[in-house]
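Scope of the values below: all heavy atoms of this structure, side chains included, with no hydrogens, waters or symmetry mates. Fair warning: this is a prediction, and the values are worked out from it, not measured in the lab.
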Amino acid sequence: MKFLKVVLASAMSVSLLAGCGGSSSSSSSKVFKVAKLGDIMTLDSTQAYDTTSIECIHMMNEGLMGVDAKGNMVKMFAKSYKESKDGKHWTFKLRDGLKWTDTKGKTYPLKASDFVYSWRKGLKGEYNYIISDDGAGIKNATKIINKGTKATAKDYASLGIKAPDDKTLKITLERPCPYFLDLMTYSVFYPQCEEFVEKAGKNYANDADHLISCGAFIPTSWTKSSQITFKKNKNYYNAKIMKIDGVQYLLGQDVKAASASFASGKIDFTAINSSLVDKYKNTKDYRVDKMGFVYYLNFNFTRKTMANKNIRAALSYAINRDDFCKNILKDGSIKADGIVGRDMCFDPTNGKDFRDENGNFTNYDMKKAQAYLNKGLKELGKKSVTIQLLYSTNENPGPQIAQYLQNAFSKLKGLKIDMKATVRQGRIDLQAKKQFDMTILNWGPDYNDPTTYLNIALSNNSNNRGFYKNKKYDALLHKAAATTDKGARWKLLLKAEKMFNEDYVDVPLYQMSQSSLYNHEWKGLLYKNAMGAAYTYTYMYKA
C-alpha cells in the first residue's frame, strides 16, 4: 500500500480467567470494542494511507464494489456494471435510494457526481498513483498528476470519469485493467459528498461534526489520539442485514495494557505481539489472520555502497528468515520467498499461485553471503564498509527486525552495521531526503494482482523509496500493462518479479500474519487483504 503501510496487529481473543476473558462487560452490549495500537492519521478518503484510518473510513463509506459476509467481491453501491469488449470502458448504474447522513441526521442524496468529485480530489492525494497508469489507468490521470499545481480545471475535467446523470458513471481507461473491479473496493475510489465537503471546507474530516456517512456506520464522537465511536447507520442501503449496533476504537493503545483490558472484558478485540503469543496461542479466542503484507529491506540506490549488487546479495543471504518467523515473531508469519506475497495472486490460465510458479528467491547461506560481500568490497576498493540500518521505534515490530538483522549481519567479516533509531515520521523524512543506507519497509496489497507489489520499483513510482531505476524493468511492466492476452501478461509479470528479486531491488524478509485476541461471543469479523487491508464489521453478530 501507499508508503510503508504500518500494520499494527489485530485479531482474535484469548479466554483468560477460566475461559471467560473478553466477555464480562460486553455480554449484553452490541457495540464491538477494539483496541488499536495505531492512531488515525486522516479520515479524508482521498488522503488516507494507514490501516487504522482506512478501517474507519471503510465503516463510513463504500465503493462501487465491496465484499459480502464471506469475503467475496460483490456489487456494493453499483446496481449493475458493463465492460466494453476492448476493456477500456466501464458503465456503472448506482442503486436506488443511496444517501449520505451527517452526524446530526441531515441527509443528502448520493449522486454519481460524488464519485467524479472524489476521484478528482484523489489525484492530489497520497494514493494518486493507484488512479494513474501504475494502478487503474484512468484516462488522463497520469497527465494531470504530472502537471501538479499547474493542472487546470479543464485538465481535471478531462479525467476519464463522467456522470451523465445522477445514477450513471462512465469510466474510460488508458488500457484494459484486469483487476479494475478489485480496485473499486478501495477507499481512494469511494465517493465524497461534494455539497457537504465543500461547505465544511478546511474543517472537513477534522472532527465528528464534519464527517458524513453513506456506509454501514455513522461516527458519534471522536477524541483524537484517544477514541472514536460509531453507531449503526439506519440509512445505509443494506442496514436491514446488520445485527451490530456500533463499533468503538480505542486509539494508540499499548499492547500489554490492551491484552489486560481484554482479559477483564473491557474490550472485544486487540492485536498482540510476539511477546504474548506463547501465552495465548492455545486458548480458544486466539486468532491468526494471514495477510498479504510483505516486509523487506529497502536500499538507497543513490549511495555507492548500496548500489553494489553484490553487497545487497550478501545481506540477503545472511538472513535466516525461517528462524526469525519461527522463534522471534512466532505469530504465523512466514518467510517471504519473493516480493509478491503468497495466496494473493493467481494465474488466470490455470489458477496456480504466483508464488508457487515463480519459486523461491530468498535462501540463507552464510558462505555465499561472505563470498558476495568479499566480491562487493573488492569492486568498491575497500576492505570493509559501514552500513547504516535505519528503523523506527514506534513501528511494530521494527525494533525486533532491526535487532535480528544486526545480529545476522555482524557475522560477516568486513561489514559493520550502524544502527539508526528514530520514530516513524523521522524515518519517512530521512528517506525523502535520501539520508539513509537501508531501512525496513512493508507493502500491503491494494488489489489481487502481482503489479500491486511490482510497481513499487518503477522508476517514477512515488513508492520507489530507494530510488531504483532500471529501464528494462520499467519496459517489462509497461509491456505487461499494454498486453491484453492474460496468459502472455502473466508471463511478463513472472519475468519482472524474477528481475526484481535477482537484482535485489529490495530484499524480502517475511509475509505477515496477525495474531489477536477476539471475544468468541462475536461472530462474523471479516478481514480482506486488499481494500487497504481493512476489517469489515458490517456482518458481525453475537452468538
Side-chain angles (χ1 to χ4, degrees), residues 4 290-301 306-326 329 333-347 352-373 375-376 387 401 404-405 408-409 412 438-445 448-458 461 463-466 468-470 472-477 480 489-513:
L4 32 108
K290 293 182 179 180
M291 309 181 112
F293 287 89
V294 172
Y295 279 74
Y296 57 92
L297 264 180
N298 177 242
F299 305 111
N300 181 359
F301 279 80
M306 306 321 302
N308 185 283
K309 180 179 176 179
N310 287 308
I311 297 294
R312 302 193 304 274
L315 296 172
S316 181
Y317 274 104
I319 305 167
N320 189 336
R321 296 162 179 82
D322 285 320
D323 176 64
F324 180 70
C325 292
K326 181 179 178 180
L329 293 176
S333 295
I334 60 173
K335 168 182 174 287
D337 292 334
I339 195 62
V340 174
R342 180 171 293 281
D343 298 324
M344 288 302 306
C345 311
F346 300 93
D347 192 325
K352 291 183 179 179
D353 193 316
F354 184 95
R355 188 72 276 130
D356 289 331
E357 286 189 319
N358 229 22
N360 171 36
F361 294 93
T362 57
N363 293 307
Y364 171 61
D365 189 324
M366 287 303 297
K367 288 184 178 180
K368 284 188 176 181
Q370 189 64 60
Y372 276 114
L373 180 63
K375 189 175 181 180
I387 298 176
I401 302 173
Y404 191 88
L405 293 177
F409 298 152
L412 292 171
M438 61 182 178
T439 191
I440 303 159
L441 302 187
N442 66 67
W443 187 260
N448 297 102
D449 187 82
T451 56
T452 191
Y453 297 97
L454 299 177
N455 284 349
I456 63 175
L458 285 168
N461 192 287
N463 300 293
N464 185 344
R465 306 292 180 176
Y468 174 77
K469 293 185 183 299
N470 186 324
K472 291 183 179 180
Y473 183 81
D474 292 348
L476 259 181
L477 285 184
R489 175 182 179 273
W490 197 258
K491 289 179 180 178
L492 289 170
L493 297 180
L494 290 167
K495 187 176 180 180
E497 202 228 15
K498 188 172 187 285
M499 183 184 293
F500 182 109
N501 290 309
E502 291 184 345
D503 204 19
Y504 304 96
V505 178
D506 296 306
V507 166
L509 300 173
Y510 71 94
Q511 186 170 340
M512 175 185 175
S513 286

Is the closest basic N to carboxylate O distance between [X] and [Y] below 4.0 Å?
{"X": "Lys309", "Y": "Glu502", "value": "no"}
{"X": "Asp449", "Y": "Arg489", "value": "yes"}
{"X": "Arg321", "Y": "Asp337", "value": "no"}

### Query
Partners of Ala314 by side-chain contact (heavy atoms from CB on, under 4.5 Å), sequence neighbours excluded?
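For Ala314, the residues satisfying side-chain contact (heavy atoms from CB on, under 4.5 Å) (neighbours in sequence not counted) are Tyr372, Leu373.
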To the nearest 0.5 angstrom, please state how far the [atom1] atom of [X] sits from the [atom2] atom of [Y].
{"X": "Thr439", "Y": "Arg465", "atom1": "OG1", "atom2": "CZ", "value": "11.0 Å"}
{"X": "Asp356", "Y": "Asp347", "atom1": "CG", "atom2": "CG", "value": "11.0 Å"}
{"X": "Leu405", "Y": "Phe324", "atom1": "CG", "atom2": "CZ", "value": "7.0 Å"}
{"X": "Gln511", "Y": "Phe293", "atom1": "CD", "atom2": "CZ", "value": "10.5 Å"}
{"X": "Leu476", "Y": "Lys491", "atom1": "CG", "atom2": "NZ", "value": "14.5 Å"}
{"X": "Leu477", "Y": "Leu493", "atom1": "CG", "atom2": "CG", "value": "7.0 Å"}

Short side-chain to backbone donor-acceptor contact, [X] and [Y], under 3.5 Å:
{"X": "Asn358", "Y": "Phe354", "result": "no"}
{"X": "Asp365", "Y": "Tyr317", "result": "no"}
{"X": "Glu497", "Y": "Gly338", "result": "no"}
{"X": "Asp353", "Y": "Asp343", "result": "yes"}
{"X": "Asn461", "Y": "Asn463", "result": "yes"}
{"X": "Asn300", "Y": "Met438", "result": "no"}
{"X": "Tyr504", "Y": "Ile311", "result": "no"}
{"X": "Trp443", "Y": "Leu454", "result": "no"}
{"X": "Thr362", "Y": "Ala336", "result": "yes"}

What are the two closest non-hydrogen atoms of [X] and [Y], and how far apart are they?
{"X": "Gly292", "Y": "Met344", "answer": "CA-SD, 3.9 Å"}
{"X": "Cys345", "Y": "Pro450", "answer": "SG-N, 3.4 Å"}
{"X": "Ala496", "Y": "Tyr473", "answer": "O-CE1, 3.3 Å"}
{"X": "Cys325", "Y": "Lys335", "answer": "SG-N, 3.6 Å"}
{"X": "Phe500", "Y": "Ala457", "answer": "CE1-CB, 3.5 Å"}
{"X": "Ile456", "Y": "Thr452", "answer": "CG2-O, 4.3 Å"}

### Message
Determine whether Leu441 and Leu297 satisfy the following criterion, side-chain contact (heavy atoms from CB on, under 4.5 Å), listing intermediate values before the conclusion.
### Response
CA-CA 6 Å; Leu441 302 187; Leu297 264 180; over 6 Å; no
#### Entry: Residues Asn442, Met512; criterion side-chain contact (heavy atoms from CB on, under 4.5 Å); working and verdict
CA-CA 9 Å; Asn442 66 67; Met512 175 185 175; over 6 Å; no
#### Entry: Lys352 side chain near Trp490 side chain, heavy-atom distance below 4.5 Å
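Side chain of Lys352 against side chain of Trp490, heavy atoms only: no contact under 4.5 Å found.
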### Query
So do the side chains of Phe299 and Val505 get within less than 4.5 Å of each other, counting heavy atoms only?
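Of all side-chain heavy-atom pairs linking Val505 with Phe299, none is under 4.5 Å.
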### Task
Could you walk me through whether Met366 and Tyr364 pass the side-chain contact (heavy atoms from CB on, under 4.5 Å) test, one step at a time?
CA-CA 7 Å; Met366 287 303 297; Tyr364 171 61; 3.5 Å; yes
### Task
Start with the C-alpha gap between Met499 and Asn470, add the side-chain angles, then the distance that decides, and say whether side-chain contact (heavy atoms from CB on, under 4.5 Å) holds.
CA-CA 10 Å; Met499 183 184 293; Asn470 186 324; 4.3 Å; yes
### Message
Ignoring hydrogens and geometry beyond distance, is a side-chain donor-acceptor pair present between Asp503 and Tyr468 at under 3.5 Å?
### Response
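A donor-acceptor contact under 3.5 Å links the two side chains.
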### Task
Among Asn360, Asp506, Val340, Ile339, find the residue that satisfies the side chain to side chain contact (heavy atoms under 4.5 Å, CB included) test when tested with Asn501.
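So, applying the side chain to side chain contact (heavy atoms under 4.5 Å, CB included) to Asn501 and each of Asn360, Asp506, Val340, Ile339, only Ile339 qualifies.
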